[in-house]
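Remarks on the structure that follows.
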Amino acid sequence: MTQVRTRFSPSPTGALHLGGAHTALFNWLYARHFGGVFILRIEDTDRERSQEKFVEEIQESLRWLGLNWDEGPYRQSQRLDIYHEYVKRLLDSGHAYCCDCDPEDLETRRQAALAKGEKPRYNRRCRERGLAPGPGTAVRFKTPETGTTHWQDRIKGHIAFDNQELDDLVIMRADGIPTYNLAVVVDDITMRVTHIIRGDDHISNTPRQILIYQAYGVDPPEFAHMPLMLGKDRTKLSKRHGALPVLAYREQGILPQSLNNFLARLGWSRGDQEIFSMAELIEYFDLDHVGKSPGVFDQEKLLWLNSHYIKVTPPRELAALLTPFLAAIGVENPDPDYVARIVPTLNKRSKTLVEMADAARFYFLDPRPYDEKAAKKFLTPASVPLLRETAARLSALQELSEESLTDLLKDICADKGCKLVDLAQPVRVALTGKSASPSLTELIPILGKEECLRRLNNAINSVAES
RNA sequence: GUCCCCAUCGUCUAGCCUGGUCCAGGACACCGGCCUUUCACGCCGGCAACACCGGUUCAAAUCCGGUUGGGGACGCCA
């Protein structure tokens, strides 16, 4: 069996979005599953809209997701000579012809046809004129006027188009730049791509491309058209649905593994399994279990996966990922050991690294000013004796451990005749500034005795002042 | 409009190819409860779907046809 070769071929006209990441992932997984080659190809034949910064951003996005490529990035803009040669071959073999129709005229005809509810199609004015190549002359593919073009799609099954439905598409513009359909085919032939996995919005391009393969006498690769990802309103996913560029998810504190797992499970499944490591994804991924129907992007599920991965990622590892987010709340260069210690107290209560950094604030910064509602409710004159007692006993405590602290808190309650919650909440606000936090018995040892005493006293003073 | 694709809980999906084990399973979300020093986690339970019509068959979520609905494509964009 020949080696599997897949490719991801974005056009750098914008940032890499979820949909792009989805197809990139499927191509990557398929290649990795079969020990094949994953190629990155930049389709930048649209000079107007292509931008170098997007080429960079796309690569950065793929790197973040861990979707490494084995070849490329190739750029179509640097392969013009190859396309010219291939166009010439089509011209020479009579599979293509030159066309000097006025683009503006064509455009008005198109609009008119669409307005009348007809399928816009080129009238083939130049098909038999035998025009010679030259300035102002585009090249069109001579599509067969009869017959059908069909293929066995690896996801959708058998698909057929009447050749009559296709028209003589432009394969090279008047300025000598090839169009998408020509460039893809030439690239996929020369790069020996074996499987084309792409969004099903490309289905209608496929018969045209197959015809071009046939004109070159080359067997087309396998096609697999994956269902599109839709927004909540079931239309093509876009910004309005809250779908963001891939890198925006990184900024929001989503782990790459969460996004990969999410994207993999959208359209593909393996029984009831929801959680997949990258290794499992590579091991199990196949085209046979890719569904045919489109899926809706569900932010909630992504967050659920993210909270899962935040929980299971080893503290040291997560600490490293969290550190950049700590910088955002003003904590620069924190001690890695200290961060690793706080992680286990926060990972069950955070859905994103942004949330986690926010919840970690009190570990680094003074809890004042206290959360207004929390202070009003719990830092009351009545709580002062409890805070004093806690400070006194804490100061006398030899060893800060969960057990000793649990005992300490319970003893105070027993002596003062109060419920644990009535003691814990004022202490919590004093130490963290909020009414919700990690458990006191795990946070106190991390803050340390001195710091806790300091905060307790500050809280007592703040009650006195108010 | 024309062509193409699709159709199981609100969402992601298993099951469909190789009809019966499915009065349809899992997960997210949601709603209860338990646990509990707060918030979470966790655990237990609940709600909730085979788009519709017809056909084939002893038997259909599963096969066939149609209807409806949704999506996509119709560029000298990709």
Side-chain angles (χ1 to χ4, degrees), chain A residues 9-13 43-46 48-50 76 99 101-103 106-107 110 113-122 137-140 153 155-157 159-162 164-167 169-175 177-181 183-184 199-207 225 227-228 230 232 234-236 262 265-275 288-289 291-305 307 311 346-351 359 374 378 406 409-410 413 419-425 427-429 432 434-441:
Chain A
S9 48
S11 62
T13 55
E43 310 218 326
D44 56 353
T45 52
D46 184 344
E48 304 272 294
R49 298 190 299 152
S50 295
Q76 293 187 324
C99 169
C101 291
D102 177 32
L106 258 21
E107 177 61 19
R110 237 189 82 232
L114 236 28
K116 279 199 298 187
E118 287 168 8
K119 192 179 185 111
R121 214 174 327 174
Y122 175 56
T137 305
V139 178
R140 285 183 185 272
D153 196 273
I155 292 171
K156 304 280 190 180
I159 300 178
F161 281 81
D162 277 338
Q164 292 175 28
E165 295 298 330
L166 284 13
D167 68 359
L169 65 151
V170 170
I171 54 176
M172 194 166 74
R173 303 179 178 90
D175 63 4
I177 307 289
T179 62
Y180 165 74
N181 282 112
V184 197
D200 69 13
D201 49 341
H202 281 291
I203 285 180
S204 56
N205 285 320
T206 306
H225 288 96
L228 254 27
L230 308 178
K232 277 228 183 302
R234 305 207 76 99
T235 62
K236 206 172 181 181
F262 174 82
R265 272 295 279 102
L266 208 160
W268 174 83
S269 63
R270 192 178 112 95
D272 290 338
Q273 190 170 345
E274 294 287 348
I275 304 293
D288 298 330
H289 291 86
K292 294 180 179 182
S293 48
V296 173
F297 170 69
D298 181 9
Q299 173 99 5
E300 293 296 338
K301 187 140 186 189
L302 208 212
L303 287 174
W304 171 71
L305 282 163
S307 57
K311 267 173 269 184
L346 299 168
N347 63 174
K348 289 181 180 60
R349 352 176 103 78
S350 314
K351 286 183 171 159
F378 298 114
T406 304
L409 259 17
K410 285 186 174 163
C413 285
K419 286 191 292 186
L420 196 45
V421 64
D422 296 328
L423 169 64
Q425 287 306 76
V427 173
R428 187 183 314 283
V429 177
T432 73
K434 294 180 177 171
S435 57
S437 80
S439 147
L440 292 176
T441 55

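Labels below follow one simple rule: chain letters A, B, ... track the order of the sequence lines, proteins then strands, and each chain is numbered from 1.
Across all strands, A:Lys434 comes closer than 4.0 Å to no nucleic acid atom at all (heavy-atom distances). As judged by a 4.0 angstrom heavy-atom cut-off over every strand, A:Phe262 is placed among residues making no nucleic acid contact. As judged by a 4.0 angstrom heavy-atom cut-off over every strand, A:Gly267 is placed among residues touching the sugar-phosphate backbone only. When heavy atoms are screened at a 4.0 angstrom cut-off, A:Ala359 is found touching no nucleic acid atom at all. Residue contacts shown for A:Cys101 include a base, since a base heavy atom lies under 4.0 Å away. Nucleic acid contact class of A:Pro294 (heavy atoms, under 4.0 Å, all strands): sugar-phosphate only.
Atom NE2 of A:His225 and atom P of B:C4 are 15 Å apart (whole Å). The distance between atom NZ of A:Lys292 and atom C1' of B:C4, rounded to the nearest whole Å, is 13 Å. Rounded to whole Å, the distance from CD1 on A:Ile171 to P on B:C76 is 12 Å. In this structure, A:Trp268 places its CH2 atom 17 Å from P of B:A27, rounding to the nearest Å. The CD1-C1' distance, from A:Ile275 to B:A14, rounds to 16 Å in whole Å. The CD atom of A:Gln273 sits 14 Å away from the P atom of B:C28 (whole-angstrom rounding). Across the protein-nucleic acid pair, A:Leu266 atom CG and B:G71 atom P stand 17 Å apart, rounded to whole Å.
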I'd like a table of atom pairs between the protein and nucleotides 72-75 of chain B - only N or O on both sides, under 3.5 Å - with the distance next to each one.
from	atom 1	to	atom 2	distance (Å)
B:G72	OP1	A:Lys236	N	3.2
B:A73	OP1	A:Lys236	NZ	3.1
B:A73	O2'	A:Ser204	OG	2.4
B:G75	OP1	A:Arg110	NE	2.9
B:G75	OP2	A:Arg110	NE	3.1

Sort me out a list of protein N/O and nucleotides 29-39 of chain B N/O pairs below 3.5 Å, or just none if empty.
from	atom 1	to	atom 2	distance (Å)
B:U37	O2	A:Arg428	NH2	2.4
B:U37	O4	A:Ser439	OG	3.0
B:U37	O4	A:Thr441	OG1	2.9
B:U38	O4'	A:Gln425	OE1	3.1
B:U38	O2'	A:Ser435	O	2.8
B:U38	N1	A:Arg428	NH2	3.3
B:U38	O2	A:Ser437	N	2.7
B:U38	O2	A:Ser437	O	3.1
B:U38	N3	A:Arg428	NH1	3.1
B:U38	N3	A:Ser437	O	2.6
B:U38	O4	A:Ser439	N	3.2
B:C39	O2	A:Arg349	NE	2.6
B:C39	O2	A:Arg349	NH2	3.3
B:C39	N3	A:Arg349	NE	3.4
B:C39	N3	A:Arg349	NH2	2.4
B:C39	N4	A:Arg349	NH2	3.3

N/O-N/O pairs, protein side and nucleotides 63-66 of chain B side, under 3.5 Å:
none

Could you write out each protein N or O paired with an N or O of nucleotides 21-25 of chain B at a distance under 3.5 Å?
from	atom 1	to	atom 2	distance (Å)
B:G25	N2	A:Asp272	OD1	3.0

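Considering only residues two or more places apart in sequence or on other chains, A:Thr441 meets the side chain to side chain donor-acceptor pair (under 3.5 Å) condition with A:Ser439. Residues forming a side chain to side chain donor-acceptor pair (under 3.5 Å) with A:Arg121 (at least two apart in sequence, or on another chain): none.
When the P atom is compared between B:C63 and B:G15, the two are found 13 Å apart, to the nearest whole Å. Across B:A51 and B:G70, the matching C1' atoms stand 11 Å from one another, rounded to whole Å. A distance of about 29 Å separates the P atoms of B:U18 and B:U11, rounded to the whole Å. With C1' as the reference atom, B:C6 and B:C47 are 28 Å apart, rounded to whole Å. Only the P atoms considered, B:G20 is 36 Å distant from B:C3, to the nearest whole Å. Taking the C1' atoms as reference points, B:A73 lies 31 Å from B:U62, given to the whole Å.
Both the sub-6.0 Å distance and the 45° axial angle are satisfied by A:Arg140 relative to the ring of A:Tyr122.
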